[in-house]
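Down below is the structure, laid out as structure tokens.
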There are 2 protein chains.
Amino acid sequence: MTQKPSQKLTILDIAKLAGVGKSTVSRVLTQDPRVKPATREKVTQVIRESGYVPSKSAQSMRGGNSRVIGILVSRLDSPSENKAVRGILEVIYAADYDAVIMESQFCNDKTREHIAVLEKRNVDGVIVFGFSGFDCAILDSFAQRAVVIAVDTDSVSSVSYDNKGMITLAMDQLTSKGMKHVSYIGVDPADRTTGQLRLDAYLDVCAQQHIEPCYRTGELSYDSAYTLTDAVLSAQTQAIVCASDTLAMGVAKRLQELNRTDVLVSGVGATDLLRFMFPNTFSVDPGYFDAGQCAADLLLQHLRQDAKITHLVQRSCLPV
Amino acid sequence: MTQKPSQKLTILDIAKLAGVGKSTVSRVLTQDPRVKPATREKVTQVIRESGYVPSKSAQSMRGGNSRVIGILVSRLDSPSENKAVRGILEVIYAADYDAVIMESQFCNDKTREHIAVLEKRNVDGVIVFGFSGFDCAILDSFAQRAVVIAVDTDSVSSVSYDNKGMITLAMDQLTSKGMKHVSYIGVDPADRTTGQLRLDAYLDVCAQQHIEPCYRTGELSYDSAYTLTDAVLSAQTQAIVCASDTLAMGVAKRLQELNRTDVLVSGVGATDLLRFMFPNTFSVDPGYFDAGQCAADLLLQHLRQDAKITHLVQRSCLPV
DNA sequence: CTGTTAGCGCGTTCAG
DNA sequence: CTGAACGCGCTAACAG
């Protein structure tokens with residue numbers, strides 16, 4: 001049973017041990033069909049018994065590919081990106097790839113730096129989570145071997161969230177109950193996706209449903225939402241739609257203080273904490289996990305053949 | 001300005017371009033002092049201008065070390081481990097190492113699997129976050145090149161949290177205000193660190209301060225704590241100490257429902273959300289970030305010299 | 001101080 | 001079907 005050898009075994013050792021040439025061992029390793037079954041069996045046997053492990057570095061140097069993919073998240077502690085990363089890992093592990101994860105911290109310079117490192121490591125591909133102001137040109141060197149998540153771009157394949165859809169979904173949920181006084185709390189429209197697009201979606205629905213828009217935007221923090229709540233709240237307010245669960249949490253807290261248990265709050269993110277803390281809330285699930293899986297699948301496809309640039313949009317849904 | 005060459009440049013190209021031998025280029029790359037400053041300058045210049053990037057795979061193959069360290073977290077979305085990982089990354093990036101992060105999901109088998117992969121990749125070292133029931137023997141192959149976090153062990157260097165200290169700290173904070181009716185909500189003592197040790201600390205303080213112990217243990221979830229709250233609550237209860245912020249959140253919520261604004265709640269984790277949601281709470285900071293830094297420092301030390309097995313305990317503190 | 005030489009472990013020809 | 005020989009890009013030991 002796989003003994004622990006003190007010395008690192010090389011392909012040559014295995015060859016001797018099995019009484020064959022090293023290239024035969026190599027062929028077994030690379031699934032090359034041109035090996036006599038008996039010989040293959042013999043070699044496989046020896047490899048297993050000796051606990052031989054081919055050197056990834058050597059393989060990678062020879063073949064030019066390392067079976068590693070780089071993942072660039074904006075923040076390690078972003079719950080949404082965490083979920084997506086889970087999806088990514090599941091897919092790439094299954095495909096026998098490894099991942100190196102790095103943190104861009106919403107900063108193009110950091111991103112550039114990390115991309116450079118990943119290039120040195122000659123990773124086979126990268127998956128990058130976009131952020132406000134993200135400069136896609138950074139990925140030029142990974143042209144056909146990159147997928148970005150949550151950002152608008154043409155130059156590289158992408159998986160984006162349905163920003164319009166998720167807000168529309170929340171709004172529909174409310175208007176279908178006959179609500180006409182629905183306010184909105186979001187983030188600065190300077191952030192195109194979380195800010196602009198979601199606000200636009202709110203305004204669109206308002207126009208269609210003849211709802212008087214009432215909204216404020218600020219930072220992506222509990223405090224910001226907490227503070228802004230009063231500004232969008234009137235006696236008739238029936239619900240407040242928020243661009244994210246973080247905001248929803250701040251709003252819900254303020255409402256609780258004001259004893260406005262009549263006001264329904266919605267967020268985006270499907271955080272379990274929100275529902276636990278405040279029963280009178282619901283949250284749209286942007287499908288982070290699935291998006292991660294999609295992105296990984298897409299990348300693997302790119303790596304296999306020269307797939308063309310593709311843009312996927314992840315559908316949102318309401319958690320059960 | 002760093003042109004993008006279509007062909008991958010090798011060290012030989014640089015040598016020719018700079019009019020020197022390849023080993024001189026290599027010496028510049030490896031910071032070898034035995035190079036005339038003028039020559040070094042010249043080579044550096046060429047490297048910059050050509051945009052040459054040494055192949056990590058080749059370097060790693062030649063040197064036997066990959067300048068990669070593996071990080072095995074229990075869960076990617078654990079806020080505490082996230083903080084620690086941040087600390088780790090900061091340190092290892094500064095030392096020009098990369099990280100591959102994997103998820104053990106509290107499972108020894110998964111851990112074993114990942115460790116095997118990391119071994120194949122011949123990473124230089126690993127940092128592993130322990131979990132309840134973690135089998136340290138898995139790390140045998142990384143003997144002197146591993147550091148574990150948050151787990152009791154002798155066989156390998158470790159950084160652990162001061163489980164006793166953090167609860168004592170919370171208790172002191174309360175008893176110093178003269179409180180005598182302090183309850184405790186924790187997790188199953190089957191979990192040695194978060195369960196057993198923290199509960200013991202509570203009981204110790206109780207004994208010393210002549211406090212009548214009143215506690216319950218359950219799962220590490222909001223719901224569990226929420227449900228257990230009533231069982232440790234009486235009319236005289238002045239405070240409830242919790243083994244973690246997650247629990248504290250559940251307890252605080254229940255107290256809010258009961259209108260027991262008089263009861264102070266404490267948690268462990270220094271989560272900003274807890275304080276935001278419930279003003280009448282405080283949280284002990286186990287020093288996750290620092291622990292991560294320590295662990296990384298410790299590992300780097302091991303990698304440099306053959307440092308001996310060391311066990312550090314991270315001190316807790318109260319956030320300002 | 002610097003150029004030359006010899007491998008590192010592996011995949012891939014190219015002859016048997 | 002198999003083994004011998006070559007080279008990937010780099011570092012280290014050895015000469016100048």
Side-chain angles (χ1 to χ4, degrees), chain A residues 5-47 50-68 96 117 119-124, chain B residues 5-47 50-68 96 98 119-124:
Chain A
S6 44
Q7 298 298 338
K8 268 286 182 191
L9 296 170
T10 85
I11 198 173
L12 191 58
D13 298 318
I14 304 302
K16 284 177 189 158
L17 241 48
V20 299
K22 32 180 262 188
S23 40
T24 303
V25 179
S26 176
R27 288 194 190 92
V28 173
L29 255 26
T30 56
Q31 320 275 4
D32 191 316
R34 302 174 303 175
V35 181
K36 186 169 27 169
T39 313
R40 175 183 300 276
E41 191 47 51
K42 171 72 178 163
V43 173
T44 312
Q45 179 76 2
V46 173
I47 290 180
S50 62
Y52 162 71
V53 176
S55 151
K56 287 281 179 191
S57 346
Q59 287 183 313
S60 142
M61 182 179 124
R62 195 68 191 77
N65 71 328
S66 51
R67 289 202 91 73
V68 172
D96 196 33
V117 172
E119 219 172 341
K120 284 194 219 181
R121 292 251 176 251
N122 73 69
V123 301
D124 298 336
Chain B
S6 44
Q7 298 298 338
K8 271 284 183 192
L9 294 170
T10 85
I11 199 172
L12 191 59
D13 297 319
I14 303 303
K16 284 178 188 158
L17 241 47
V20 300
K22 22 182 275 190
S23 44
T24 302
V25 179
S26 177
R27 287 194 189 92
V28 173
L29 256 27
T30 56
Q31 319 274 4
D32 191 317
R34 302 174 304 175
V35 181
K36 182 167 35 166
T39 313
R40 174 183 301 277
E41 191 47 49
K42 171 73 179 162
V43 173
T44 312
Q45 179 76 2
V46 173
I47 290 181
S50 62
Y52 162 71
V53 177
S55 151
K56 286 279 179 188
S57 345
Q59 287 183 312
S60 143
M61 182 179 124
R62 195 65 190 82
N65 70 331
S66 51
R67 290 202 91 73
V68 172
D96 196 34
D98 282 347
E119 219 173 340
K120 282 195 220 179
R121 291 253 176 250
N122 72 71
V123 301
D124 299 334

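Quick note: numbers below take in every heavy atom, side chains included, and nothing from hydrogens, waters or symmetry partners. Chain A is the first sequence line, chain B the second, and so forth, proteins listed ahead of strands; every chain is numbered from 1. These numbers come from a predicted model, not from an experiment.
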Is there a side-chain contact between T24(A) and the phosphate of dT2(D), meaning an N or O under 4.0 Å from OP1 or OP2? no
Side chains of I47(B) and T44(B): does their closest heavy-atom pair fall under 4.5 Å? no
Spacing of E41(A) atom CD relative to dC1(D) atom P, expressed in whole Å: 16 Å
If you look only at distance, which donor and acceptor atoms sit under 3.5 Å apart when one is on a side chain in residues 15-30 of chain B and the other is two or more places apart or in another chain?
unit_1 : atom_1 : unit_2 : atom_2 : d
T30(B) : OG1    : S26(B) : O      : 3.0
T30(B) : OG1    : R27(B) : O      : 3.3

What residue pairs, at least two apart or across chains, pass side-chain hydrogen bond (donor to acceptor under 3.5 Å, both in side chains) with a residue in residues 59-68 of chain A? S60(A)-S57(B)
Return the minimal non-hydrogen interatomic distance between S55(B) and A58(B), and the atom names on each side. OG-N, 3.0 Å
Indicate the atoms forming the closest heavy-atom contact of I14(A) with Y52(A), along with that distance. CD1-CB, 3.4 Å
Scan T39(B) against the nucleic acid and name what it touches under 4.0 Å (heavy atoms): base, sugar-phosphate only, or nothing. sugar-phosphate
Find the bend of the helix from dC1(C)-dG16(D) to dG16(C)-dC1(D) as the angle between its two terminal axes (five pairs each), to the nearest 10°. 40°
Mind checking what makes side chain to side chain donor-acceptor pair (under 3.5 Å) contact with D98(B), not counting sequence neighbours? R121(A)
At under 4.0 Å between heavy atoms, which parts of nucleotides 9-16 of chain D does protein reach? Answer with one letter per nucleotide, 5' to 3': B base, S sugar-phosphate only, - none. BBBBBB--
With sequence neighbours left out, which residue pairs that include part of residues 31-42 of chain B fulfil the side-chain hydrogen bond (donor to acceptor under 3.5 Å, both in side chains) condition? D32(B)-R34(B)
Take atom NZ of K16(A) and atom P of dA4(D), then tell me their distance rounded to the nearest Å. 11 Å
